[in-house]
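One structure coming up, written as structure tokens, with questions to follow.
Both counts, for ligands and for their atoms, begin at 1 and track the order of listing.
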Amino acid sequence: MHAVDLIQKKRDGGRLSRTELEFLVKGYVGGEIPDYQMAAWLMAVFFRGMDAEEIADLTLIMAHSGDTLDLSGIQGIKVDKHSTGGVADTTTLVVAPLVASLGVPVAKMSGRGLGHTGGTVDKLESIPGFQVELSPQQFITQVNTIGLSLVGQTGQLAPADKLLYALRDVTATVESIPLIASSIMSKKIAAGADGFVLDVKAGKGAFMKTEEEAVELAKTMVQIGRLAKRETVALVTDMNQPLGRAVGNALEVKEAILTLRGQGPARLTELCLELAAEMLLLANAVQSRSEARRLLEESLQSGKALHKFKELIEAQGGQADVADDLSLLPQAAHTTEAAAPAAGYVQAIDPLIIGISAMELGAGREHKDSVIDLAVGIELKAEIGDYVEAGMPLATIYANDPHKLREAAGKALQAFQIGDGKPALKPTIYRKITAEQL
Ligand code: URA
Ligand code: CA
């Protein structure tokens, strides 16, 4: 087999067999196939696409290119959750303990933040003492003991994806749905769960700018799940405004705790309940969505979910009292308010601008090795559809460097569009994609 023939085949619109894909991916990871040939093949895929079987084959080849996590030591059906990345999206910190509080095991690996989107691992590290690095054995033992563990990536999961992603990044081949879908699903499959609930964001603050693109990505990933025998459901959700109200690591932990107390923002709470309901359904823990919703709402109301979160913190060496006393979280030295320049209805809040201002305050990483400040960020005081008077606070800025306050406040204001007339509200959840609909 020769790489050049496989490039030509894809260039001319053909399809590659599993053996051929394996030859390319293994050859690339092994260093026998050079960057320029892999890049040419990626560009051919960008223009020609791949069929469902090719995508699933590529996904599984990447998933098995390195370590895979074996969760068979955990009783029951393991369901993982993944978000394609948004702003003020602290759903994992709520959904994981919420689902685990109903006896469904959650063994979850998460990532760090990059660019305008945050990462669960960074957020967890803002809880004093919390350890995100556990050995695979500790991870599994903890899930068997308390039903829940949240950790950073252990081992080398899907190294082929890491290499291919870096190459795509510099060859203008990132924005290809088959390549994005296989990239995401390869990492999820390597992390060992039996089923997946995907939150595919659509809008200004998301990777997929339109609902149509997000639906296509969601369908492609659900199809991979079907062919790979991992039951997968996707919710396509709104990212035309920040999901919750907090952007920044400790601020998002605070928001997650408030949500677990049943006092969270409505849109965030709603999405958490829906994602959690889908996880309970995939785990066969409930008969119906309405049963799932009833149990989940009860768990929030009774404090059961919050209690599970405290158990998680304690099991991973953190200070569980943060759940009762939010002042134990890292606090920024300086705050200021971004005030409404005029009265009117909030028409739009650009999540990308909010995410980038929070990153510039130090809440996120511009580059992979940037150092972040866990205390800083932005808290929104209004959402789309709210009426505000001139001078009313639209956002609170939290900073440790006083010089960054004013610039961040100015930038945050640019995210807001205020005008006459109450705008039409977009739903939080646009669509649900299941394998039956493909
Ligand atoms: N996120 C991923 O993990 N992979 C992609 O290709 C794009 C976004
Ligand atoms: Ca089921």
task = Decide salt bridge (charged side-chain N to carboxylate O under 4.0 Å, His left out) for E216 and K219; before the verdict, give the C-alpha distance in whole Å, the side-chain angles of both, and the deciding distance to 0.1 Å.
result = CA-CA 5 Å; E216 197 190 333; K219 286 184 172 168; over 6 Å; no

message = Side chains of Q137 and S135: any donor to acceptor distance under 3.5 Å?
response =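 Result is no, nothing qualifies.
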
May I have the N/O to N/O pairs between ligand 1 and the protein that fall below 3.5 Å, each with atom names and distance to one decimal?
unit_1   : atom_1 : unit_2 : atom_2 : d
ligand 1 : 3 (O)  : S183   : OG     : 3.4
ligand 1 : 3 (O)  : K187   : NZ     : 2.5
ligand 1 : 4 (N)  : S183   : OG     : 2.6
ligand 1 : 6 (O)  : R168   : NH1    : 2.9
ligand 1 : 6 (O)  : R168   : NH2    : 2.9
ligand 1 : 6 (O)  : S183   : OG     : 3.4

inquiry  = Closer than 4.0 angstrom, basic N to acidic O: yes or no for K78 and D80?
reply    =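 D80 and K78: not salt-bridged.
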
inquiry  = With no hydrogens and no angle check, just 3.5 Å: does a side-chain donor-acceptor pair link D161 and S186?
reply    =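 No, no side-chain donor-acceptor contact under 3.5 Å.
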
key: Side chains of K81 and T91, donor plus acceptor under 3.5 Å   =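 T91 and K81 do have a side-chain donor-acceptor pair below 3.5 Å.
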
query = When you look at NZ of K26, are more than 12 heavy atoms from neighbouring residues, nucleotides or ligands closer to it than 6.0 Å?
reply =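 12 or below, so no.
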
